Amino acid sequence: MQVSAALLLELGIILAVLTVLGTAARRFALSPIPLYLAAGLALGEGGVAHIPAADEFVTTGATIGVVLLLLTLGLEFSIGEFAASLRRHLPSAWVDLILNATPGAIAGWLLGVGGVGILALAGVTYISSSGVIARLLDDLRRLGNRETPAVLSILVLEDFAMAAYLPLLAVLAAGGSWGHAVFGMGIAVSALVLAFVASYRWGHLVGRLVAHPDNEQLLLRIMGLTLIVAALAELIHASAAVGAFLVGLTLTGEAAHRARTVLGPLRDLFAAIFFLAIGLSVNPADLIPMLPAALALAAVTAGTKVATGMFAARRDDVARPGQLRAGTALIVRGEFSLVIIGLVGATLPAVEAVATPYVFVLAIVGPVLTRFVGAPRSVAG
């Protein structure tokens, strides 16, 4: 087998850079996510040092990274408890939709980008980044906090909404009819509901399926099952992240504990690649022209996400510091927003011009605000 020296060299440089940045962030008790995103900007096309040979690996690694982040997040909870939390937070989901999709829709109307553009910008401002937030909660040791179930309920309900939204937008952006768009949306939502019900009713069988005393076999079984479920979720336009999260929820007790142990190092490696890939996907020059408009939109929707998180945490009787932590955790936009931009960017460049810097601003600023707002971080509200 021929080995690419350029690939090995570029991967070595990437890991060395991430090591230095991660060490610096930990030194000041910060999440390394903003630094990883900035590194992606610097190493991508238009940055100071492009890494073409590693592009394919980073793209694939990013997909695995977000799957592992949501899988390990699901391992922290039982599906019964989480189903109850989802039911309790349906009103929070409506507040989230109204508060956060509306500013994007208004921005699209002001830009004059038409119905599809308005729909696209509404989605960009509505959806938080479940991948980034999952790692952020772990970095800040907040997975056990009282406000965290509310945050996760909002994220999963948003991901469920994406199962309806993305097929709809994809068909309309390609010039298809509303009839075809609604039909595709119905199929995706029905499949996702069936998957959740199946996981709730028969998920305990998954633990028996993957259980094995050997760590290597346990890792292979969990990863194989998770990637298959994630692929099926993507096929119905739901989300690989939702599929991975459902697998994590079905594993409990000793199986979940051992899974966290064997998956931890693998998750940390590919999560770093995932954050780097977000930066690599953006040309720094594309962030400049519409940056003032993006900053204004980011300021508005950061506030509406904080209000959403506070509302959701209040429903769980969380005190005010915990409510603020929940709100700031939801500020980050990321992978889903970039997918939306990719669907309409070719036909609606005005949407791409404002949405790209918007996403990147909140992807960097969000983790920083989350770190410092609602302190002390180790105390649940």
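Everything quoted here is computed from the prediction, not taken from an experiment.
Atom CG of Leu21 and atom CG of Leu276 lie 9.5 Å apart (nearest 0.5 Å). Taken from CG in Leu75 to OG1 in Thr250, the straight-line distance is 8.5 Å, to the nearest 0.5 Å. Rounded to the nearest 0.5 angstrom, Leu155 CG and Leu73 CG are separated by 8.0 Å. Taking CZ from Arg320 and CZ from Arg314, the interatomic distance works out to 7.5 Å, rounded to the nearest 0.5 Å. The CD atom of Glu234 lies 11.5 Å from the CG atom of Leu227; values are rounded to the nearest 0.5 Å. Atoms CG and CD1, on Leu140 and Ile133 in that order, are 11.5 Å from each other to the nearest 0.5 Å.
For the pair Thr60 and Ile273, the minimum side-chain heavy-atom distance is 4.5 Å or more. Side-chain atoms of Thr72 and Asp138, non-hydrogen and from C-beta on, never get closer than 4.5 Å to each other. No side-chain heavy atom of Thr328 sits under 4.5 Å from any side-chain heavy atom of Phe372. Arg135 places none of its side-chain heavy atoms less than 4.5 Å from the side chain of Phe274. Annotation: side chain of Leu111 is in contact with side chain of Met290 (closest heavy-atom distance under 4.5 Å).
Using a 4.0 Å cut-off between charged nitrogen and carboxylate oxygen, Arg221 and Asp214 do not count as a salt-bridge pair. Salt-bridge formation is not detected for the pair Asp316/Arg146: no Lys NZ or Arg NE/NH1/NH2 atom is positioned less than 4.0 Å from an Asp or Glu carboxylate oxygen.
Distance alone, capped at 3.5 Å, is enough to place a donor-acceptor pair between the Ser281 side chain and the Ile278 backbone. The main-chain N or O of His212 is never found under 3.5 Å from a side-chain atom of Gln217 such that the two would form a donor-acceptor pair. Judged purely by atom type and a 3.5 angstrom limit, Ser31 has no side-chain atom pairing as donor or acceptor with the backbone of Leu136. Looking at Glu147, its side chain never comes within 3.5 Å of a backbone N or O of Ala326 through a donor-acceptor pair. Proximity of a side-chain donor or acceptor of Asn283 to a complementary backbone N or O of Ala285 within less than 3.5 Å is detected.
Residues Val124 and Leu287 are members of one and the same hydrophobic cluster, defined by side-chain heavy-atom contacts under 4.5 angstrom among Ile, Leu, Val, Met, Phe, Trp and Tyr. Ile288 and Leu280 fall into different hydrophobic clusters, where Ile, Leu, Val, Met, Phe, Trp and Tyr are joined by side-chain heavy atoms under 4.5 Å apart, directly or via other members. Trp109 is not connected to Leu99 by any chain of hydrophobic side-chain contacts under 4.5 Å among Ile, Leu, Val, Met, Phe, Trp and Tyr, and they are in different clusters. Both Ile64 and Leu219 belong to a single network of hydrophobic side chains, linked directly or stepwise wherever heavy atoms of I, L, V, M, F, W or Y lie under 4.5 Å apart. Val95 and Leu90 sit in two unconnected hydrophobic clusters of ILVMFWY residues. Membership requires side-chain heavy atoms under 4.5 Å apart, directly or through other members.
Considering only residues two or more places apart in sequence or on other chains, Phe245 meets the ring pair (Phe, Tyr, Trp, His ring centres under 6.0 Å) condition with Phe82.
Between Ala25 and Leu35, the shortest heavy-atom contact is CB-CD1, 4.0 Å. The minimum heavy-atom distance linking Tyr126 with Lys305 is given by the pair O-NZ, 2.7 Å. The minimum heavy-atom distance between Val373 and Arg142, with the atom names listed, is O-NH2, 4.0 Å. Considering every non-hydrogen atom in both Leu297 and Pro103, the closest pair reads CD1-O, 3.9 Å. Closest of all the heavy-atom pairs between Leu251 and Ala256 is O-CB, 3.5 Å. The two residues Arg333 and Thr301 have their closest heavy-atom pair at NH2-CB, 3.4 Å.
Side-chain atoms of Thr304 and Asn100 form a donor-acceptor pair, as typed in the model, at a separation below 3.5 Å. No hydrogens or angles considered: nothing links the side chains of Tyr358 and Ser337 as a donor-acceptor pair under 3.5 Å.
Exactly one residue among Val368, Val132, Thr370 makes a side chain to side chain contact (heavy atoms under 4.5 Å, CB included) with Ile33. That residue is Val132. Each of Leu37, Leu338, Leu291, Val365 was compared with Phe360 under the side chain to side chain contact (heavy atoms under 4.5 Å, CB included) criterion, and only Leu37 meets it.
Ring pair Phe270/Phe57 is tilted by interplanar angle, where 30° to 60° counts as tilted.
The 12-atom threshold is not exceeded at CD of Glu56, counting heavy atoms of other residues, nucleotides or ligands nearer than 6.0 Å.
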Working note: Arg267 + Leu69, criterion side chain to side chain contact (heavy atoms under 4.5 Å, CB included); need CA distance, chi angles, decisive distance, verdict. CA-CA 6 Å; Arg267 177 207 60 185; Leu69 281 168; 4.2 Å; yes
